[in-house]
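When a residue number appears, it is its place in the shown sequence, counting from 1. We use all heavy atoms of the structure for the numbers below, so side chains are in, but hydrogens, waters and symmetry mates are not. Both counts, for ligands and for their atoms, begin at 1 and track the order of listing.
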Amino acid sequence: MSDLALAAADQQVISALRSNKVPLVKTFFDNTTFTATHVVHDPATREAAVVDSVMEYDPAAGRTAHHHAQEVVDYIRASDLKLQWLLETHVHADHLSAAPWIQEQLGGKLAIGADIVRVQDIFGKLFNAGTRFARNGSQFDHLFHDGETFMLGSIPAIALHVPGHTPADMAYVIGDAAFIGDTLFMPDYGTARADFPGGDARMLYRSIRRLLSLPEQTRLFLCHDYKAPGRDSFAWETTVGAERAHNVHVHEGVGEDEFVAMRTGRDATLSMPNLLMPSVQVNMRGGHLPEAEENGTRYIKIPIDRV
Ligand SMILES: [Fe+2]
């Protein structure tokens with residue numbers, strides 16, 4: 001992407017933010033995977049988007065459940081909202097998406113970043129998914145490109161490509177609220193890891209700097225919280241200003257090389273998420289389980305001594 005395109009995209013973000021439209025956000029936190037699912041809506045038109053939903057999965061039993069997603073559906077129905085979008089910030093590696101399950105009940109368009117095709121290529125090969133697994137993003141209704149604008153009801157919105165955690169991460173700026181996925185976490189916790197296939201700490205730093213160039217009052221909604229030491233409740237909302245001033249990894253003054261050294265060193269100490277294997281196989285398919293085999297049963301694969 002050229003500097004010019006970047007500038008144009010970011011100008012559109014600024015004009016969306018200046019629209020003075022304030023969407024309402026209700027968050028559902030999943031205590032098992034530490035994931036925040038946000039339901040954002042335009043109070044004027046009652047059109048809504050769900051950002052990053054969760055399907056429960058018990059890896060020992062091989063069982064799925066939809067209690068968390070059911071709460072989201074119940075809230076949308078009870079609040080008389082119309083679901084317009086199911087937005088995924090990226091192919092999550094720590095929880096399974098419930099987006100198709102929610103879509104079956106409430107409609108709406110399922111969307112993710114256009115670079116999903118790169119993630120599908122990487123994991124399609126790793127899991128030897130075969131030709132039945134399309135690697136062109138066709139499991140989604142819409143693929144967003146960097147700087148692409150859309151509307152949530154009457155509220156202007158824009159999608160930003162913010163790679164680093166994965167190559168395809170997106171942030172969605174809707175009115176004065178930005179849903180930034182796994183880039184920044186709460187100021188006292190820091191930033192997302194950058195060591196998954198296709199991840200890049202240097203790219204993550206640049207994406208974060210771009211997000212932190214938004215006006216300081218911009219509300220930021222995060223995908224996860226793990227409670228920083230000394231904090232005893234979960235939190236998922238902060239502001240650009242608070243992150244610039246206090247983020248323990250990337251506050252103002254932290255340079256790119258310093259960040260990359262910290263992030264790379266820390267990532268080397270982290271274990272793989274419990275639900276990595278099932279999450280990736282389901283989420284690369286837009287939240288659908290792998291196709292059933294001849295006996296009618298669906299399976300999750302585990303590559304041995306490979307990753
Ligand atoms: Fe993630």
Side-chain angles (χ1 to χ4, degrees), residues 27-38 50-57 59 68 86-99 110-120 122-123 126-127 140 144 159-172 178-186 189-208 211 220-228 234-238 243 247 249-250 263-264 266-287 307:
T27 299
F28 297 82
F29 195 77
D30 175 48
N31 287 296
T32 306
T33 62
F34 308 106
T35 304
T37 296
H38 307 291
V50 171
V51 185
D52 291 332
S53 58
V54 176
M55 172 167 74
E56 293 96 332
Y57 180 70
H68 192 260
L86 298 117
L87 302 174
E88 296 287 315
T89 55
H90 62 293
V91 170
H92 308 277
D94 56 1
H95 69 274
L96 286 66
S97 169
L110 174 57
I112 199 165
D115 278 18
I116 176 75
V117 297
R118 291 179 55 198
V119 176
Q120 289 179 323
I122 293 169
F123 288 119
L126 174 63
F127 290 105
F140 297 82
F144 277 111
L160 299 178
H161 182 212
V162 287
H165 172 64
T166 78
D169 282 59
M170 299 302 284
Y172 301 101
F179 300 84
I180 61 172
D182 288 6
T183 50
L184 292 157
F185 292 137
M186 289 301 284
Y189 196 84
T191 56
R193 66 196 298 174
D195 61 336
F196 294 144
D200 184 318
R202 200 163 288 281
M203 229 186 267
L204 179 61
Y205 179 86
R206 292 174 189 179
S207 293
I208 287 171
L211 291 171
L220 299 180
F221 291 89
L222 318 177
C223 187
H224 295 291
D225 185 55
Y226 306 96
K227 285 185 196 165
F234 290 112
W236 45 76
E237 181 181 349
T238 181
E243 294 282 18
N247 188 288
H249 294 169
V250 280
R263 189 65 266 171
T264 311
R266 186 171 154 79
D267 286 348
T269 70
L270 300 176
S271 51
M272 285 294 123
N274 287 339
L275 295 180
L276 174 73
M277 298 294 173
S279 297
V280 169
Q281 286 172 82
V282 169
N283 296 337
M284 73 181 189
R285 294 176 164 89
V307 286

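Both tests pass for K227 against the ring of F234: distance under 6.0 Å to the centre and angle within 45° of the axis.
At a threshold of 4.5 Å between non-hydrogen side-chain atoms, the residues Y172 and T89 count as touching.
In summary, H92 places no N/O/S atom under 2.8 Å from the Fe ion (ligand 1), failing the contact criterion. At a threshold of 2.8 Å, the Fe ion (ligand 1) has no backbone or side-chain N, O or S atom of D94 nearer than that distance. Residue side and main chain included, H90 places an N/O/S atom under 2.8 Å of the Fe ion (ligand 1).
At a cut-off of 3.5 Å, with distance as the only test, a side-chain donor of H38 or T27 sits close to an acceptor on the other residue.
Distances from the Fe ion (ligand 1) to each N, O or S atom of D182 single out OD2 as the nearest.
Taking the six-membered ring for Trp and thresholds of 30 and 60 degrees, F221 and F179 have nearly parallel ring planes, at less than 30 degrees apart.
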